[in-house]
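Report on the following structure.
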Amino acid sequence: MGEWVQIAGPDGVFRAYLAKPAAAPKAAVVAIQEIFGVNAVMRGKADWLASQGFLAIAPDLFWRLEKDVDITDQSEAEWAKAMDLMKRFDIETGVKDIQATIDHARGLVDGGKVGAVGYCLGGLLAYLTSTRTDADASVGYYGVNIPNFLGEAENIRQPLMLHIAGKDGFVPPPAQKQMKDGLSANSHVTLHDYPERDHAFTREGGKNYDAADAKTADDRTIAFFKARLV
């Protein structure tokens, strides 16, 4: 079980879910939310990272729109609310909140490195974390709209891993090709394809969840972080 902590951002204070490992952590990972807020799924991701030895912290990035958003993907009404929040969400300030969270996490791991991992909307934000923040390594799962920001790829100076769902309904094949064309030559970037998977294939309880490929992706993520953060 984690706890809620307060983080001082550039224009206000927001909360984040903090999960601590059993032993003293050598590194931290910022867990970047989907469009459903820091819900049970995201808190579960943070708890999973903690179980792997990392201090994990999941910031509430929707706080300017609505504080403490905690919804699921299980009803049409919740989907409608989540999509509305995503449309109104300001990416620029969101990345600044992620940097504030990274800064906060650095103070909790006593000089250790800080990485970031994000899902869906958070997958895009994980990419932008690699181009705009001082995170030491970043991982994005099925990030949406990354092609719109490929002009920032030259700013990637720390390791970035992206998990790409081949049948992603939110990232069609032309967008996937753009991502690969724009990033595959970058020595800092590792791309993994999951040809038969749809969007959110690691979201437990979701309609597209696939246990086998979720484990493959998650094992890759943990190995990546252990190699680059610890």
Side-chain angles (χ1 to χ4, degrees), residues 2 4 7 14-19 29-50 56-95 97-98 101-102 115-130 133 135 138-146 148-149 160-165 167-171 175 179 192 194 197-211 213-215 217-218 221:
W4 292 98
I7 295 179
F14 55 95
R15 75 173 190 165
Y17 179 79
L18 178 70
V29 177
V30 176
I32 309 172
Q33 66 178 66
E34 297 181 282
I35 60 175
F36 308 102
V38 186
N39 62 359
V41 170
M42 278 310 304
R43 297 193 299 273
K45 298 292 187 186
D47 292 340
W48 161 66
L49 288 163
I57 186 164
D60 174 14
L61 299 180
F62 283 161
W63 68 276
R64 293 178 186 82
L65 303 173
E66 179 183 330
K67 291 186 177 181
D68 307 340
V69 172
D70 183 350
I71 56 180
T72 77
D73 62 348
Q74 300 297 308
S75 72
E76 289 186 14
E78 288 174 299
W79 266 103
K81 178 174 182 176
M83 295 300 286
D84 175 66
L85 286 164
M86 181 184 70
K87 289 175 183 175
R88 293 189 291 123
F89 175 68
D90 183 86
I91 287 173
E92 308 293 327
T93 55
V95 175
D97 287 344
I98 293 169
T101 306
I102 292 169
V117 59
Y119 305 81
C120 179
L121 168 62
L124 167 62
L125 292 171
Y127 168 78
L128 294 175
T129 295
S130 75
T133 79
S138 301
V139 177
Y141 285 71
Y142 30 83
V144 178
N145 293 330
I146 289 176
N148 293 342
F149 298 90
L160 168 67
M161 176 184 286
L162 296 178
H163 299 292
I164 301 170
K167 295 183 177 179
D168 195 323
F170 294 102
V171 187
M179 289 168 59
H192 290 297
Y194 305 82
R197 300 282 71 85
D198 200 343
H199 190 75
F201 67 89
T202 73
R203 184 195 300 147
E204 291 191 37
K207 66 177 183 178
N208 295 331
Y209 178 69
D210 183 88
D213 275 348
K215 184 178 187 307
D218 287 347
T221 293

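No hydrogens, no waters, no symmetry mates; every other heavy atom, side chains included, goes into these values.
The two residues L121 and F89 make their nearest non-hydrogen contact at CD2-CD2, 4.1 Å. Counting all heavy atoms, side chain and backbone alike, L160 lies closest to S130 at CD2-OG, 3.6 Å. Taking every heavy atom of both residues into account, T129 and A135 meet most closely at CG2-CB, 3.6 Å.
D68 has a carboxylate O that lies under 4.0 Å from a charged side-chain N of R15, or vice versa, which qualifies the two as a salt bridge. With respect to D198 and K167, no salt bridge is recorded, no charged nitrogen being found less than 4.0 Å from a carboxylate O. Using a 4.0 Å cut-off between charged nitrogen and carboxylate oxygen, R88 and D84 count as a salt-bridge pair.
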| query | Where do D218 and T221 land on the side-chain hydrogen bond (donor to acceptor under 3.5 Å, both in side chains) test, with the steps shown first? | reply | CA-CA 5 Å; D218 287 347; T221 293; 5.0 Å; no
| query | Between W63 and D97, does a side-chain hydrogen bond (donor to acceptor under 3.5 Å, both in side chains) hold up when you go through it step by step? | reply | CA-CA 10 Å; W63 68 276; D97 287 344; 2.9 Å; yes
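Considering I91, I146, T133, I98 as possible partners of L128, the one that fulfils the side chain to side chain contact (heavy atoms under 4.5 Å, CB included) test is I91. Between T202 and the choices Y209, Y119, Y141, Y142, the side-chain hydrogen bond (donor to acceptor under 3.5 Å, both in side chains) rule is met once, by Y142.
Less than 6.0 angstrom separates the ring centroid of F201 from the ring centroid of Y194.
Of the possible donor and acceptor atoms, one in the side chain of W79 sits under 3.5 Å from a partner among the backbone N and O of D73.
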